[in-house]
Structure formats: structure tokens, C-alpha cells
There are 2 protein chains.
Amino acid sequence: MGISREEVEQLDRLVVTRKRVRRGENLYYTDDRFHSIYAVRSGFFKSTVLAEDGRDQITGFYMPAEIMGMDGIGTERHACDAVALENSDVCIIPFAKLEEISAKVRGLQRQFHKLMSREIVRDQGAMMMLGSMRAEERVAAFLLNLSQRFVARGYSPSDFNLRMTREEIGSFLGLQLETVSRLFSRFQEERLIDVQQKHIRILNAAGLARAAGQEPC
Amino acid sequence: MGISREEVEQLDRLVVTRKRVRRGENLYYTDDRFHSIYAVRSGFFKSTVLAEDGRDQITGFYMPAEIMGMDGIGTERHACDAVALENSDVCIIPFAKLEEISAKVRGLQRQFHKLMSREIVRDQGAMMMLGSMRAEERVAAFLLNLSQRFVARGYSPSDFNLRMTREEIGSFLGLQLETVSRLFSRFQEERLIDVQQKHIRILNAAGLARAAGQEPC
DNA sequence: CGTTGCGTTGAATAAGGTCAAATAGAGTGG
DNA sequence: CCACTCTATTTGACCTTATTCAACGCAACG
């Protein structure tokens with residue numbers, strides 16, 4: 001988007017290669033030397049940071065067309081672990097090449113900056129959720145967020161499979177897995193969603209949005 | 001750092017201008033059209049995002065030499081409010097110019113990318129704090145983080161004035177102001193810090209680090 | 001001085017966390 | 001194909017932590 005035909009040819013020079021990552025494997029580890037960023041082509045990832053005392057926190061989930069690894073640019077080492085939640089494919093985008101070419105191709109430079117900025121805004125949204133929403137609101141907002149991202153990728157917004165466990169959802173939301181489970185059950189009782197293990201159907205998106213505190217009461 | 005003499009000359013073309021922002025005034029508002037990023041020269045800022053229902057969350061505090069406004073690049077509108085906590089000075093860095101020149105000056109491009117990446121990593125650290133630390137740990141970690149940032153700027157690491165209220169600290173940490181106040185009192189009883197209103201003296205940094213869960217118990 | 005905003009402290013309460021037990025699936029090897 | 005195992009999930013009971021509500025103190029300022 002926003003780049004010309006000849007610019008596209010330059011893009012080919014990015015010599016993007018592909019890589020398979022099996023479920024449970026790391027795409028990269030914290031402190032790994034940074035060389036590339038990664039575009040998810042298929043599959044699902046989580047990124048986790050771990051504290052000195054061993055606790056870890058999931059800082060994001062990544063689905064196709066999303067970019068991972070920009071955490072590594074600042075220190076030239078990755079600042080989190082990236083783990084595949086299912087068998088996945090990524091494009092490896094060598095960062096030195098990307099910088100070189102984006103210096104020539106204005107549209108690419110712009111796109112890349114926007115991408116990084118959106119990651120910042122996304123994280124700030126997560127901070128808002130963690131800092132000022134109650135458990136019920138977080139879980140509702142989480143489901144709506146997933147829904148929106150699925151629909152943007154051509155999948156159903158109201159019918160999808162969770163790729164992560166209750167514990168992983170809890171880690172991302174700053175809750176215990178039991179709390180997540182209870183809220184799923186509660187939303188089901190209230191006919192907002194239908195839960196069948198990892199399979200979620202959203203029955204009442206407006207109701208969920210209300211539960212997320214995103215609508216007038 | 002990392003840029004040559006002739007590159008420095010190019011930098012002058014950034015035609016950086018300055019701006020005063022008085023205590024309580026906004027440097028920018030959410031949804032303001034994005035044109036520039038800002039380097040804090042003197043003073044102190046907070047950035048806040050607000051939810052649909054009016055609640056707001058402080059997503060960061062900014063002190064001299066830190067950069068604000070990168071949240072606006074992605075959508076070309078700012079995603080948060082930036083408010084001065086005391087009379088402050090900023091450098092206005094026109095973003096179009098910055099992109100133009102950083103395309104030519106390799107060192108500048110690199111520095112800018114690192115800056116954005118560090119902002120991502122910083123936010124992920126905040127997410128970890130909000131998601132997986134207890135109130136006591138958050139407050140201790142907050143004080144240590146401030147201390148580190150002060151010392152990096154040539155101020156005392158153990159003797160400083162808070163520029164923000166208890167309520168603002170609470171908002172940033174996802175706690176109520178009373179909880180913050182109680183923990184300050186508790187740390188004082190434990191001789192970890194000395195609190196006199198907004199004036200903080202860190203008496204036992206190792207003890208604080210332990211309270212932050214950053215050290216072996 | 002009275003006012004106002006900020007900070008501290010106490011008591012009661014509610015929200016989530018912790019612990020424990022039961023259940024349900026998915027995958028494995030016979 | 002079935003029994004078995006292991007892990008993920010659900011649910012209940014109880015407990016801890018932090019919030020809420022309220023009162024009071026303090027300092028700055030007109």
C-alpha cells in the first residue's frame with residue numbers, strides 16, 4: 001500500500017526467506033542477538049517477558065500479517081521470548097536490509113515507522129486494560145479484540161478457536177486462570193458467548209462490549 | 001552518538017524549534033493531528049490514554065532527554081494526551097523532516113529506530129509490572145525506576161522530588177492513591193525510604209529492590 | 001485565618017487469588 | 001479400538017489483598 005511499481009521491485013531485494021516454527025518452539029529467545037523482524041504468515045505466537053524471579057508475563061499474541069521482533073532493535077538483542085502456539089510460518093525480514101532499502105523507498109520507510117508506532121499504541125492499550133479495568137472487563141475486551149483481529153483477516157468475527165490456554169490468557173490479562181475460566185462460564189450463563197473448550201462463539205457482541213465497559217450502561 | 005561530523009551538519013536542517021509548556025497544559029491532545037515528535041529539554045510530563053467511559057490511565061512519565069509523541073505516527077493522530085507536570089521546555093522535531101533526513105543519514109535512521117524500539121520495550125516492562133506484580137512490588141519498582149532515570153541524567157539517585165501526585169502514581173501503577181500512600185508509609189517504617197510529601201530519599205536501595213521482587217529472598 | 005487540594009490513616013467490603021477436588025479431552029501405546 | 005495418562009479446564013470454599021468510604025491533617029495561598 002502506498003508504494004509504486006518500481007518501489008515494489010526494490011522490495012524484492014529484501015530477500016525475504018521463510019521459516020517454519022513448530023508448536024511450542026521459540027522463534028527467538030530473550031537476549032538472542034537481533035538480526036531480523038518477522039511477519040507471521042500462518043499460525044499463532046505469543047511473546048513473553050520474564051522477571052528476575054522467574055514469573056513471566058505474556059505481552060502479546062500475534063496472528064498472521066502481524067510483525068514480531070521489533071523489541072530487539074533498541075539493544076540489538078531481543079527483549080522477550082517469541083513462542084509458536086501452533087505450527088506456524090514466518091517471513092524473516094533482515095533488518096539491515098530493511099533499513100537500507102527503506103532509506104531509498106520512501107513509502108517503505110513510512111510504512112515501517114507506522115508499524116512500530118502501532119505496536120507502541122497497542123502496548124499502551126494493553127497497559128490501560130491492565131491498569132484500569134476489572135477482571136470482567138478485561139476478559140470481555142480480550143474476546144472483542146480477538147474478534148476484531150480475526151475479522152480483519154477474513155475469518156469469522158463471532159466463531160473462532162482460541163489458540164492459547166486459560167493460563168496464557170490469564171497471564172496476558174493479569175489474572176489467574178481460574179478467574180478467566182469463571183468469567184467464560186459467567187458470560188456463557190448470560191448468553192453473551194458460547195464456550196466449548198477452546199471454541200468460542202460470540203452470541204451478543206453488544207452485550208460483551210457493555211461488559212467490557214465500552215458502551216454506556 | 002554514532003554519527004559523523006558531516007552528518008551533524010545535516011542534522012541542523014531538522015530546524016528544531018523550541019516550545020514552552022506550562023504546568024498543567026497539554027503538549028498535545030488525543031486525536032490531534034500528528035506532525036512532530038518532542039524531546040523533553042527540561043521539566044516533566046505524563047501521557048494518558050482515556051477509555052470510552054471516562055476513566056483514564058497514565059501510560060508513562062517523561063523526563064529530560066526522553067522522546068514523546070511517537071504514538072501518533074501510525075494513525076497520523078496522537079493516541080494519548082501529553083500534559084506537563086511542571087513548567088517545561090521541549091524541542092519540536094518535525095516528523096516529515098526527520099524521515100527525510102534520516103533516509104540520508106544512516107546513523108540518524110538507526111538512532112531513531114532504536115528509540116522507537118526502546119519505547120516498545122519500556123511499555124512491555126510496564127505491562128509486566130501491571131500484570132504480574134503485587135502492589136508493594138509495583139511501588140518499589142517504580143521508585144527504583146525513577147531513581148535510575150534520575151541518575152542517568154546526572155541527578156542524585158537517592159534524593160529527588162516526585163513531580164506527580166499520589167493519584168497519578170496510582171494511575172500509572174494500576175493502584176488507588178490510598179494504596180500508594182500506605183506503601184510509602186510502610187517503606188518508611190521499614191527504613192527503606194524517607195518520605196516528606198513529594199520529597200523522597202532512598203535509604204536502602206537493596207531493600208527496595210528486594211521489595212520489588214528483583215532480588216533473591 | 002479560611003479555603004482548597006493533597007496526603008494519611010482506619011474500618012468495612014468486595015474482588016480476585018489460592019487451594020483443592022472433580023471432570024473432560026487429547027494423545028499414546030498396547 | 002480401548003485403556004491409560006497427562007494436561008487443561010471447571011467449580012467450590014476459603015482467604016488475602018487492595019479498594020472503598022470516611023475522617024482527619026497538613027501545607028500553600030489568597
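So you know, we letter chains A, B, ... as the sequences are listed, proteins then strands, and number each from 1.
For N161(B) and dA28(D), the CG to P distance is 12 Å, given to the nearest whole Å. If you take CD of Q176(A) and P of dA20(C), they are 15 Å apart, rounded to a whole angstrom. Rounded to a whole Å, the CD atom of E178(B) is 13 Å from the C1' atom of dC24(D). The distance from atom CD1 of I169(A) to atom C1' of dG16(C) is 17 Å, rounded to the nearest whole Å. Atom CZ in F184(B) sits about 23 Å away from atom P in dG25(D), given to the nearest Å. Going from atom CE of M164(A) over to atom C1' of dT7(D) covers 18 Å, rounded to whole Å. Separating the CD atom of E167(A) from the C1' atom of dT9(D) is a distance of 11 Å, rounded to the nearest angstrom. Summarising the geometry, the separation between CG on L183(B) and C1' on dT17(D) is reported as 11 Å, rounded to the nearest angstrom.
Dashed line: the shortest gap from a side-chain N or O of R166(A) to OP1 or OP2 of dT10(D) is under 4.0 Å. For the pair Q197(A) and dT9(D), the criterion of a side-chain N or O lying under 4.0 Å from OP1 or OP2 is not met. Applying the 4.0 Å criterion to OP1 and OP2 of dC6(C), one finds that K198(B) has every side-chain N and O outside that range.
When ring centroids are compared, Y155(A) and F160(A) stay outside the 6.0 Å threshold.
Remark: E99(A) CD is packed, more than 12 non-hydrogen atoms of other residues, nucleotides or ligands lying under 6.0 Å away. When the shell of 6.0 Å around CZ of R41(A) is examined, it contains 12 or fewer heavy atoms from other residues, nucleotides or ligands.
R182(A) contributes a side-chain N or O that forms a donor-acceptor pair with the base of dT18(C) under 3.5 Å.
Backbone-only engagement by L175(B) is indicated by non-hydrogen atom pairs under 4.0 Å involving sugar-phosphate atoms exclusively. If you check every strand for non-hydrogen atoms under 4.0 Å, T165(A) touches sugar and phosphate atoms only. G174(B) comes within 4.0 angstrom of sugar-phosphate atoms only, judged by non-hydrogen atoms across all strands, and of no base.
Looking at E25(B) and K19(B), no side-chain N of the basic residue comes within less than 4.0 Å of a carboxylate O on the acidic one, giving no salt bridge. Between E137(A) and R55(B) there is a salt bridge, with a side-chain nitrogen of the basic residue lying less than 4.0 Å from a carboxylate oxygen of the acidic one. Salt bridge absent: R118(B) and E66(B) never bring a charged side-chain N and a carboxylate O closer than 4.0 Å.
A cation-pi contact, defined as under 6.0 Å to the ring centre and within 45° of the axis, is absent between R149(A) and F44(A).
Of the listed residues (F172(B), F45(B), F150(B)), just one forms a ring pair (Phe, Tyr, Trp, His ring centres under 6.0 Å) with F61(B), and that residue is F172(B).
Ring geometry for Y28(A) versus H78(A): interplanar angle under 30°, hence parallel rather than tilted (30 to 60°).
Nucleotides of DNA chain C nearest to S185(B) and T179(A) differ in position, and the one nearer the 5' end is that of S185(B).
Using a 4.0 Å cut-off on heavy atoms, the residues of residues 126-135 of chain A that approach DNA chain C are R134(A), A135(A), listed by number.
Terminal axes of the helix from dC1(C)-dG30(D) to dG30(C)-dC1(D) (five pairs each, C1' rotation axis) are separated by 40°, to the nearest 10°.
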Exercise for the section: Quick one: do V195(B) and F187(B) satisfy side chain to side chain contact (heavy atoms under 4.5 Å, CB included)? Show the steps, please. Expected result: CA-CA 9 Å; V195(B) 189; F187(B) 289 155; over 6 Å; no
